[in-house]
Asker: 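Sending over a structure as structure tokens; questions will come in a sec.
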Amino acid sequence: MLDENQLEIVNSNERNIIVEAGAGSGKTRTLIERIKRLLNDGVEPQNIVAITFTNMAAEEMKERLIDVTGIGDCFIGTIHSFANKIFKNSNEDYKIYTDEIENQFMQVLISLYAKHITMDKFLMYKDLQHKIDLGVSDEGELSSIMLPSEMHEINIFFGDETSNEYPQTIKTLCKKHNVITFDELLKKTTAYFKEIGGKVEYLFVDEYQDIGTLEKNFFKALNADNYFYVGDEKQRNLPALNGRERKLFPKSY
């Protein structure tokens with residue numbers, strides 16, 4: 001059951017709302033209930049876009065809305081999946097840079113140019129680097145499995161510079177095969193949406209405090225008639241008031 005503050009947010013007639021609240025305050029639940037309210041009020045589901053920042057969060061949101069009539073016509077997913085959905089209409093030939101593509105390109109580079117690194121060793125490096133990123137291993141472990149010469153070649157293959165010895169890199173292969181990164185996808189989609197004069201009617205963004213400049217520019221380009229942003233009040237990365245929206249602060253439980 002929603003508390004008084006949450007009900008105020010769900011039922012507000014403001015077009016643009018920013019909700020700041022701490023962990024466990026029911027921010028996402030409030031966002032979900034507002035989507036339900038709009039659908040019950042007759043808003044067409046295809047006019048609602050709800051953005052999350054992980055596939056897990058998107059699936060959880062879909063699960064919590066699964067019994068709502070018409071919810072399948074709403075977009076609920078990550079920022080990159082929505083950008084990809086938009087940019088597919090541009091008719092540009094492209095593929096998204098994935099782990100599989102990275103491994104394919106590295107296999108090509110190693111077979112053509114490598115004198116030290118092998119594919120098996122590269123995969124060991126990637127696995128350890130992933131653990132370091134997750135905080136379950138530290139940088140010191142890299143030196144225990146990787147020789148300096150191997151690390152040098154990896155850095156060259158992922159670098160910007162080419163040479164007679166290494167005339168191709170991951171970046172040159174991406175350009176050759178029309179492969180773009182997620183950051184490039186956001187940049188291209190932002191420019192494309194501005195170019196076509198696109199507009200989103202209802203935009204919902206969960207965990208807004210986690211976004212950077214590319215994401216902010218993308219959301220601005222969506223030119224939403226109505227937006228609803230929620231984020232952690234302690235991280236303070238939410239947009240400043242500009243006279244067109246209300247900031248609401250639900251109580252923590």
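We use all heavy atoms of the structure for the numbers below, so side chains are in, but hydrogens, waters and symmetry mates are not. All figures in this text were calculated on a predicted structure; none of them were measured in a lab.
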Asker: Would you indicate whether the side-chain heavy atoms of Lys176 and Thr172 approach each other to under 4.5 Å?
Answerer: no

Asker: Is any side-chain heavy atom of Val19 closer than 4.5 Å to a side-chain heavy atom of Thr30?
Answerer: no

Asker: Determine, for Arg37 against Glu33, whether the closest basic-nitrogen to carboxylate-oxygen distance falls under 4.0 angstrom.
Answerer: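 Not counted as a salt bridge, because no side-chain N and carboxylate O are separated by less than 4.0 Å.
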
Asker: Minimum heavy-atom separation for Ile66 and Ile71, please, with both atom names.
Answerer: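 Closest heavy-atom pair between Ile66 and Ile71: O-CG2, 4.2 Å.
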
Asker: Do Leu147 and Phe157 share a hydrophobic cluster (ILVMFWY, side-chain heavy atoms under 4.5 Å, transitive)?
Answerer: no

Asker: Output yes when a side-chain donor or acceptor of Lys95 lies under 3.5 Å from a complementary backbone atom of His177, and no otherwise.
Answerer: yes

Asker: Pair His80, Ile96 - check side-chain contact (heavy atoms from CB on, under 4.5 Å), show working.
Answerer: CA-CA 10 Å; His80 297 115; Ile96 300 296; over 6 Å; no

Asker: Are Met106 and Ile180 linked, directly or through intermediate hydrophobic residues, by side-chain heavy-atom contacts shorter than 4.5 Å (ILVMFWY only)?
Answerer: no

Asker: Between Leu186 and Ile196, is there a shared hydrophobic cluster once you connect ILVMFWY residues whose side-chain heavy atoms come closer than 4.5 Å?
Answerer: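 Yes: a chain of side-chain contacts under 4.5 Å links Leu186 to Ile196.
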
Asker: Please determine if Lys220 forms a cation-pi arrangement with Phe193, meaning its NZ or CZ atom is less than 6.0 Å from the six-membered ring centre and no more than 45° off the ring axis.
Answerer: no

Asker: Yes or no on side-chain contact (heavy atoms from CB on, under 4.5 Å) for Glu102 and Tyr97, after CA distance, side-chain angles and deciding distance?
Answerer: CA-CA 7 Å; Glu102 179 178 274; Tyr97 186 84; 2.6 Å; yes

Asker: Give me the one residue out of Leu38, Leu31, Ile32 that meets side chain to side chain contact (heavy atoms under 4.5 Å, CB included) with Ile35.
Answerer: Leu31

Asker: Please report the shortest heavy-atom distance between Gly231 and Gln209, naming the atom on each side.
Answerer: CA-OE1, 3.0 Å

Asker: Run the salt bridge (charged side-chain N to carboxylate O under 4.0 Å, His left out) test on Lys171 and Asp160 for me, step by step, so that the C-alpha distance in whole Å, both residues' side-chain angles and the decisive distance to 0.1 Å come before the verdict.
Answerer: CA-CA 7 Å; Lys171 289 186 177 181; Asp160 295 321; 2.2 Å; yes

Asker: Are there more than 12 heavy atoms of other residues, nucleotides or ligands under 6.0 Å from atom NZ of Lys88?
Answerer: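 Atom NZ in Lys88 is not packed in, count stays at 12 or less.
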
Asker: Leu112, Ile117: one ILVMFWY side-chain cluster at the under-4.5 Å cut-off?
Answerer: yes

Asker: Does atom CG of Asn11 have more than 12 heavy-atom neighbours, drawn from other residues, nucleotides or ligands, at distances under 6.0 Å?
Answerer: yes

Asker: Exactly one of Phe182, Tyr94, Phe82, Phe218 should register a ring-ring contact (aromatic ring centres under 6.0 Å, His included) with Phe87. Which one does?
Answerer: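 When ring-ring contact (aromatic ring centres under 6.0 Å, His included) is applied between Phe87 and each of Phe182, Tyr94, Phe82, Phe218, only Tyr94 qualifies.
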
Asker: Within the structure provided, determine whether Glu215 and Tyr208 are in side-chain contact (heavy-atom separation under 4.5 Å).
Answerer: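 No; the side chains remain at least 4.5 Å from each other.
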
Asker: Going by heavy atoms in the side chains, are Ile79 and Phe53 under 4.5 Å from each other?
Answerer: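 Yes; the side chains approach each other to less than 4.5 Å.
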
Asker: side-chain contact (heavy atoms from CB on, under 4.5 Å) for Leu128 and Ile145? Distances and angles first, verdict last.
Answerer: CA-CA 9 Å; Leu128 182 54; Ile145 68 164; 3.6 Å; yes

Asker: Scan side-chain atoms only and decide if Glu153 and Tyr166 contain a donor-acceptor pair under the 3.5 Å cut-off.
Answerer: yes

Asker: If I compare all heavy atoms of Met119 with all of Asn103, which pair ends up nearest, and what's the gap?
Answerer: CE-O, 3.4 Å

Asker: Please say which of Ile51, Ile48, Thr28 ends up in a side chain to side chain contact (heavy atoms under 4.5 Å, CB included) with Phe204.
Answerer: Ile48

Asker: Backbone N or O of Glu8 within a donor-acceptor pair of the Ser12 side chain at under 3.5 Å?
Answerer: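 Checked: no pair found.
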
Asker: Tell me every residue that passes salt bridge (Lys or Arg N to Asp or Glu O under 4.0 Å) with Lys194, counting only those two or more places apart in sequence or in another chain.
Answerer: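 Lys194: no salt bridge (Lys or Arg N to Asp or Glu O under 4.0 Å) contacts found.
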
Asker: Do Glu184 and Lys187 sit within salt-bridge range, that is, some charged N less than 4.0 Å from a carboxylate O?
Answerer: no

Asker: Apply side-chain contact (heavy atoms from CB on, under 4.5 Å) to residues Tyr229 and Glu20 and explain how you reach the verdict.
Answerer: CA-CA 8 Å; Tyr229 300 150; Glu20 290 187 356; over 6 Å; no

Asker: Show your working on salt bridge (charged side-chain N to carboxylate O under 4.0 Å, His left out) between Lys115 and Glu165 and close with a plain yes or no.
Answerer: CA-CA 10 Å; Lys115 300 176 180 62; Glu165 191 176 9; 2.9 Å; yes

Asker: Looking at Ala224 and Leu203, what are the two nearest heavy atoms and their distance?
Answerer: CB-CB, 3.7 Å

Asker: Is Leu185 reachable from Ile101 through a run of I, L, V, M, F, W or Y residues, each pair having side-chain heavy atoms under 4.5 Å apart?
Answerer: no

Asker: Please report the closest heavy-atom contact between Phe122 and Ile110, naming both atoms and the distance.
Answerer: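 Scanning both residues, the minimum pair turns out to be CB-CD1, 4.3 Å.
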
Asker: Minimum heavy-atom separation for Thr52 to Ala57, with atom names?
Answerer: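 In terms of heavy atoms, the two residues are closest at CB-CB, 4.0 Å.
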
